[in-house]
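Accompanying notes for the structure given below.
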Amino acid sequence: MKRAIVLMYHIVDKPRDASEEKYCCSVKNFEQQMQYLRQSEYSPVSLDSYTSSLRNNSPLPDNPIIITFDDGFEDFYHNAVPSALKYDIPLTLFMVAKGIGGTNKWMHQRGKPKRNLLNQNELLACAKAGVTIGSHTLSHPRLTEVDDELANNEIKLSKMQLEDILEQEVKHFAYPYGLYDPEHLKIVEEAGYES
């Protein structure tokens, strides 16, 4: 099996306060990083291509690298997608399904600045531009802190909601905060996600 490096981003914008610094990459730095990846020994691949290669045991380019974004902040559409398209870098966005057209409530409730998330038209434009859209639950809970029924709904219903909007299959799931229990792995598999 060929391994890939995964770079995970959240926000391509200036931090609004010190609490956001670890989540933010400036527009200039993101552009430079995409340029570097295109000119380096790395081979940017989509998450769809990578999982398809694993499933079919087909070859991948040397040094595959996957670029992902969590949450679905509106700056993704305005700042990340244009740079990635410029350098022909595939992107994957893990969208908080109930956040479409809303804000980052889960962060704002903990004292972080309020930011807008993608609206439906922006999300559809991202998909049309070739961005792979995955799920990041309905509302971004810590799955390890909720009961199994709520976790089940967060994982399965987010897939259904995104598929209704996008009119295409949602194949990938990212665990909020990177937290999960063995039961959550089963739910993700039952829901029909590939990764």
Side-chain angles (χ1 to χ4, degrees), residues 3-42 44-47 50 63-120 122-123 125-127 129-146 154 158 162 172-180 184 195:
R3 296 182 183 269
I5 293 172
V6 178
L7 298 183
M8 179 190 66
Y9 295 87
H10 285 84
I11 300 167
V12 178
D13 196 7
K14 294 177 186 172
R16 295 182 178 167
D17 70 15
S19 73
E20 276 196 334
E21 287 182 7
K22 72 178 186 176
Y23 300 106
C24 293
C25 180
S26 73
V27 175
K28 180 180 178 184
N29 282 344
F30 185 75
E31 169 97 13
Q32 289 172 339
Q33 291 170 24
M34 295 303 101
Q35 182 180 21
Y36 170 78
L37 290 177
R38 184 45 65 202
Q39 296 169 349
S40 72
E41 72 277 7
Y42 294 105
V45 297
S46 71
L47 185 54
Y50 182 72
N63 304 310
I65 191 163
I66 301 165
I67 310 301
T68 71
F69 279 80
D70 282 1
D71 304 330
F73 293 101
E74 71 178 354
D75 61 84
F76 175 78
Y77 174 72
H78 297 287
N79 299 336
V81 171
S83 288
L85 287 175
K86 179 177 177 180
Y87 295 104
D88 195 27
I89 308 270
L91 298 177
T92 297
L93 171 66
F94 293 104
M95 186 72 209
V96 176
K98 277 191 176 177
I100 297 168
T103 65
N104 59 334
K105 291 178 187 176
W106 68 94
M107 294 175 80
H108 187 61
Q109 290 168 346
R110 294 191 335 262
K112 294 185 176 12
K114 187 181 284 188
R115 284 188 179 262
N116 292 331
L117 300 179
L118 296 169
N119 63 41
Q120 185 167 316
E122 290 165 335
L123 182 65
C126 289
V131 174
T132 300
I133 308 295
S135 170
H136 202 38
T137 68
L138 284 171
S139 64
H140 207 285
R142 293 176 187 269
L143 292 172
T144 54
E145 296 177 6
V146 301
E154 288 280 342
S158 61
L162 290 169
H172 311 287
F173 181 82
Y175 297 93
Y177 310 100
L179 300 173
Y180 60 90
H184 303 135
S195 73

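The analysis underlying the following values was restricted to heavy atoms, covering all of them including side chains, and did not include hydrogens, waters or symmetry mates.
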Could you tell me the separation between the [atom1] atom of [X] and the [atom2] atom of [Y], rounded to the nearest 0.5 Å?
X: Ser26; Y: Ile11; atom1: OG; atom2: CD1; value: 12.5 Å
X: Lys28; Y: Ser83; atom1: NZ; atom2: OG; value: 13.0 Å
X: Cys126; Y: Leu118; atom1: SG; atom2: CG; value: 5.5 Å
X: Leu91; Y: Tyr9; atom1: CG; atom2: OH; value: 9.5 Å
X: Lys22; Y: His10; atom1: NZ; atom2: NE2; value: 9.0 Å
X: Ile67; Y: Gln33; atom1: CD1; atom2: CD; value: 8.5 Å

Which of these passes ring-ring contact (aromatic ring centres under 6.0 Å, His included) with Phe30: Phe76, Phe69, Tyr36?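 Testing each of Phe76, Phe69, Tyr36 against Phe30, the sole residue satisfying ring-ring contact (aromatic ring centres under 6.0 Å, His included) is Phe69.
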Does the side chain of Glu145 pick up a donor-acceptor pair with the side chain of Tyr177 at under 3.5 Å?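 No, no side-chain donor-acceptor contact under 3.5 Å.
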Any side-chain donor-acceptor pair under 3.5 Å between His78 and Glu122?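 Yes.
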Could you pull out the closest heavy-atom pair between [X] and [Y], with the gap in Å?
X: Met95; Y: Leu117; answer: CE-CB, 4.2 Å
X: Tyr23; Y: Arg110; answer: OH-NH2, 4.4 Å
X: Ser19; Y: Lys112; answer: OG-CG, 3.6 Å
X: Val45; Y: Tyr50; answer: CG2-CB, 4.4 Å
X: Phe94; Y: Ser135; answer: CD2-O, 3.6 Å
X: Leu162; Y: Leu123; answer: CD2-CD2, 4.2 Å

Determine which pairs satisfy salt bridge (charged side-chain N to carboxylate O under 4.0 Å, His left out) with at least one residue from residues 130-143, sequence neighbours left out, and list them in order.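 Listed by first then second residue: nothing to list.
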Run through Val146, Val96, Leu138 and flag the one making a side chain to side chain contact (heavy atoms under 4.5 Å, CB included) with Glu154.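 That would be Leu138.
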For Tyr77, does the OH atom have more than 12 heavy-atom neighbours from other residues, nucleotides or ligands under 6.0 Å away?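 No - once you tally the heavy atoms of other residues, nucleotides and ligands closer than 6.0 Å, there are 12 at most.
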Could Arg115 and Asp13 be called an ion pair, given the rule that one side-chain N must be under 4.0 Å from one carboxylate O?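 Here Arg115 pairs with Asp13 in a salt bridge, since their nearest N and O are under 4.0 Å apart.
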Could you name each residue pair satisfying side-chain hydrogen bond (donor to acceptor under 3.5 Å, both in side chains) that touches residues 87-105, not counting sequence neighbours?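 Only Glu31-Tyr87 qualify under side-chain hydrogen bond (donor to acceptor under 3.5 Å, both in side chains).
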Is the side chain of Asn116 donor-acceptor paired with the backbone N or O of Glu74 at a distance under 3.5 Å, no angle test?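 No; judged by distance alone, with no hydrogens or angles, the pair does not exist.
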Would you say His136 and Ser158 make side-chain contact, with heavy atoms under 4.5 Å?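 The answer is no, as the side chains (C-beta and beyond) never meet within the 4.5 Å cut-off.
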Is there a side-chain contact between Pro141 and Leu143 (heavy atoms, below 4.5 Å)?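 In short, these two side chains touch, coming nearer than 4.5 Å.
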